[in-house]
Amino acid sequence: MSGPVSAVRARAAAKINLHLGVGATRDDGYHELCTVYQAISLFDQVAATPSDGWRVDTRAEPYVDRAAVPGVGDNIVTRAGALLAELHDVEPRAELLVEKAIPVAGGLAGGSADAAATLVVLDELWDLQTPRAELLELAVQLGSDVPFALLGGTCHGSGRGEVVEPVHDPGEWWWVVVPHRDGLSTPEVYRHFDDMVPDAAAPASSDGLVRALATGDPRELAACLHNDLQRPAFDLRPALRALIALGESEGALRGLVSGSGPTCVFLCEDESHADTVAEGLRYTGHVTALTATGPAPGPAVDTD
Ligand code: ATP
């Protein structure tokens with residue numbers, strides 16, 4: 001017999017950009033993007049329980065700067081809850097626990113992942129049965145990366161990143177993820193991109209990367225990884241350039257700054273190769289070198 005729901009939770013996957021082509025700034029201030037997102041198995045968890053009010057608590061892994069996570073008022077999960085409640089004209093009542101394993105301001109869209117997970121968790125807790133298309137509309141309002149975070153898997157993104165379309169990705173890809181406690185501000189990295197590339201035209205096409213994904217071959221994929229924000233991120237954080245070189249000298253097929261950084265990801269042949277590269281990086285002083293696989297699914301609810 002099923003009783004009333006006491007807790008609803010969902011995992012919120014980090015994203016990396018396998019291809020990030022950045023074009024000119026649009027009239028609305030956003031850059032035109034051509035990107036391929038992949039969700040990977042580095043997860044925050046969002047849990048919601050019934051409450052008379054609205055409360056958000058946060059816990060974090062030691063390598064995550066918990067102090068950088070905004071309090072309840074500015075946390076993106078509060079906006080997600082408010083938008084969903086407003087759509088259905090209900091009171092936003094819940095107690096949320098956000099457990100962070102995704103570094104803050106790390107270029108892994110952790111906040112966006114939390115927002116997407118919050119939408120599905122509260123939809124279940126409040127028994128709203130919101131159609132997917134309407135959740136996607138709320139996701140667009142919450143941020144450019146939130147629609148992808150709702151879908152998970154591997155997707156092409158266009159517009160400012162919010163127009164998402166699943167991409168055929170039959171592979172199992174293994175990554176080493178090296179986070180940093182000190183984040184990089186995404187707007188600052190874009191501003192630096194504008195200084196470095198004042199005449200940006202159309203964003204670089206992801207066609208080659210999409211073809212490489214379909215082969216399932218990590219060497220093919222390694223050759224096509226591309227991030228236009230890597231150079232500005234190197235400029236703002238010169239140590240990242242050395243870290244990429246180090247990971248590649250430890251045997252990674254290819255190192256890449258994730259999104260706007262500073263997290264760096266390293267593509268490996270398979271799980272045991274990823275373990276070896278992570279161990280090598282730890283040995284050279286990068287205490288936190290995690291392994292993760294992609295593509296990972298979008299948030300799915302789990303109740304008890
Ligand atoms: P962006 O999503 O802006 O590209 P990012 O992927 O580098 O950034 P996030 O971890 O999503 O990094 O954080 C971006 C900013 O969002 C943080 O600096 C923080 O102030 C704010 N934020 C709001 N809610 C959260 C949350 N639940 N977790 C992390 N950051 C949050």
Side-chain angles (χ1 to χ4, degrees), residues 9-17 20 22 29-31 33 35 37-40 42-48 54-61 63-83 94-122 139-150 157 159-162 164 177-193 227-230 232-233 236-237 240 256-265 299:
R9 62 182 70 82
R11 295 191 303 182
K15 67 85 194 154
I16 58 182
N17 300 82
L20 181 50
V22 180
Y30 289 101
H31 289 78
L33 300 184
T35 189
Y37 300 104
Q38 185 174 85
I40 60 168
L42 172 61
F43 298 106
D44 287 353
Q45 182 170 257
V46 177
W54 178 259
R55 188 185 158 124
V56 177
D57 289 318
T58 314
R59 287 190 201 141
E61 292 291 332
Y63 60 83
V64 175
D65 182 6
R66 186 173 167 276
V69 182
V72 56
D74 289 330
N75 200 299
I76 191 167
V77 301
T78 295
R79 251 192 92 216
L83 279 182
E95 193 167 315
L96 257 60
L97 174 62
V98 182
E99 293 179 279
K100 295 210 61 84
I102 306 174
V104 183
L108 296 168
S112 303
D114 296 348
T118 300
L119 290 177
V120 302
V121 155
L122 293 179
V140 171
Q141 294 176 52
L142 284 161
S144 303
D145 292 340
V146 185
F148 169 69
L150 202 54
R160 58 181 164 91
E162 89 286 15
V164 283
V177 180
V178 180
H180 299 258
R181 266 185 84 84
D182 297 330
L184 263 177
S185 147
T186 303
E188 192 185 340
V189 177
Y190 272 104
R191 274 196 298 277
H192 204 59
F193 171 85
N227 181 3
D228 278 336
L229 295 182
Q230 180 156 298
L236 294 168
R237 256 326 144 75
L240 297 183
L256 189 76
V257 169
S258 175
S260 53
T263 306
C264 291
V265 294

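Whatever order the structure lists them in is the order used to number ligands and atoms, beginning at 1.
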Heavy atom of Pro103 under 4.0 Å from ligand 1? yes

At the 4.0 Å heavy-atom cut-off, does Pro70 count as touching ligand 1? yes

Please determine whether a side-chain nitrogen of the Lys or Arg among Asp57 and Arg59 lies less than 4.0 Å from a carboxylate oxygen of the Asp or Glu. no

Which of the atoms in ligand 1, numbered in the order shown and given with their element, are less than 4.0 Å from a heavy-atom of Lys100? 28 (N), 29 (C)

Does atom 28 (N) of ligand 1 have a protein non-hydrogen atom under 4.0 Å from it? yes

Checking the side chain of Thr78 only, and the main-chain atoms of Val72 only, is there a donor and an acceptor separated by less than 3.5 Å? yes

Nearest non-hydrogen protein atom, atom 24 (N) of ligand 1: Ile76 N, 3.0 Å

Residues in ring pair (Phe, Tyr, Trp, His ring centres under 6.0 Å) contact with Phe43, at least two apart in sequence or another chain: none

Please report which non-hydrogen protein atom sits nearest to atom 4 (O) of ligand 1, along with the residue it belongs to and the distance in Å to one decimal place. Thr186 OG1, 3.0 Å

Tell me whether atom 15 (C) of ligand 1 lies less than 4.0 Å from at least one protein heavy-atom position. no

Distance-only, no hydrogens or angles: does the Tyr30 side chain make a donor-acceptor pair with backbone N or O of Gly159 under 3.5 Å? no

For atom 18 (O) of ligand 1, grab the closest protein heavy atom and report residue, atom and distance to one decimal in Å. Ala105 CB, 3.9 Å

With a cut-off of 6.0 Å (strictly less than), are more than 12 heavy atoms of other residues, nucleotides or ligands near OH of Tyr63? yes

I'd like to know if Lys15 contacts ligand 1, where contact means a heavy-atom distance under 4.0 Å to any ligand atom. no

min-distance protein heavy atom vs atom 26 (C) of ligand 1 -> Asp114 OD2, 3.6 Å

Please state which protein non-hydrogen atom is closest to atom 11 (O) of ligand 1 and give its distance, to 0.1 Å? Gly111 N, 2.9 Å

If we count only N and O atoms by modelled type, under 3.5 Å, do the side chains of Ser258 and Thr263 hold a donor and an acceptor together? no

Going by the order shown, which atoms of ligand 1 are within less than 4.0 Å of some heavy atom of Leu108? 6 (O)

Just jot down the ligand 1 atoms closer than 4.0 angstrom to any heavy atom of Gly107, in number order. 5 (P), 6 (O), 7 (O)

Residues that Arg9 engages under salt bridge (Lys or Arg N to Asp or Glu O under 4.0 Å), provided they are two or more places apart: Asp304

For Asn75, the ligand 1 atoms with a heavy-atom partner under 4.0 Å come out as 24 (N), 25 (C), 26 (C), 27 (N)

Quick test: of every protein heavy atom, which one is nearest to atom 30 (N) of ligand 1, and how far off is it to 0.1 Å? Val104 CG1, 3.8 Å

For the backbone of Asp44 and the side chain of Arg11, can you confirm whether one donor and one acceptor N or O come within less than 3.5 Å of each other? no

Let's go through Asp182 and Arg237 carefully: what are the C-alpha distance in whole Å and the side-chain angles of both, what is the deciding distance for side-chain contact (heavy atoms from CB on, under 4.5 Å) to 0.1 Å, and is it a yes or a no? CA-CA 11 Å; Asp182 297 330; Arg237 256 326 144 75; 3.8 Å; yes

Could you tell me whether Asp114 and Lys100 have a side-chain N and a carboxylate O separated by less than 4.0 Å? yes

Could you tell me whether Ala109 and ligand 1 have an N or O pair separated by under 3.5 Å? yes

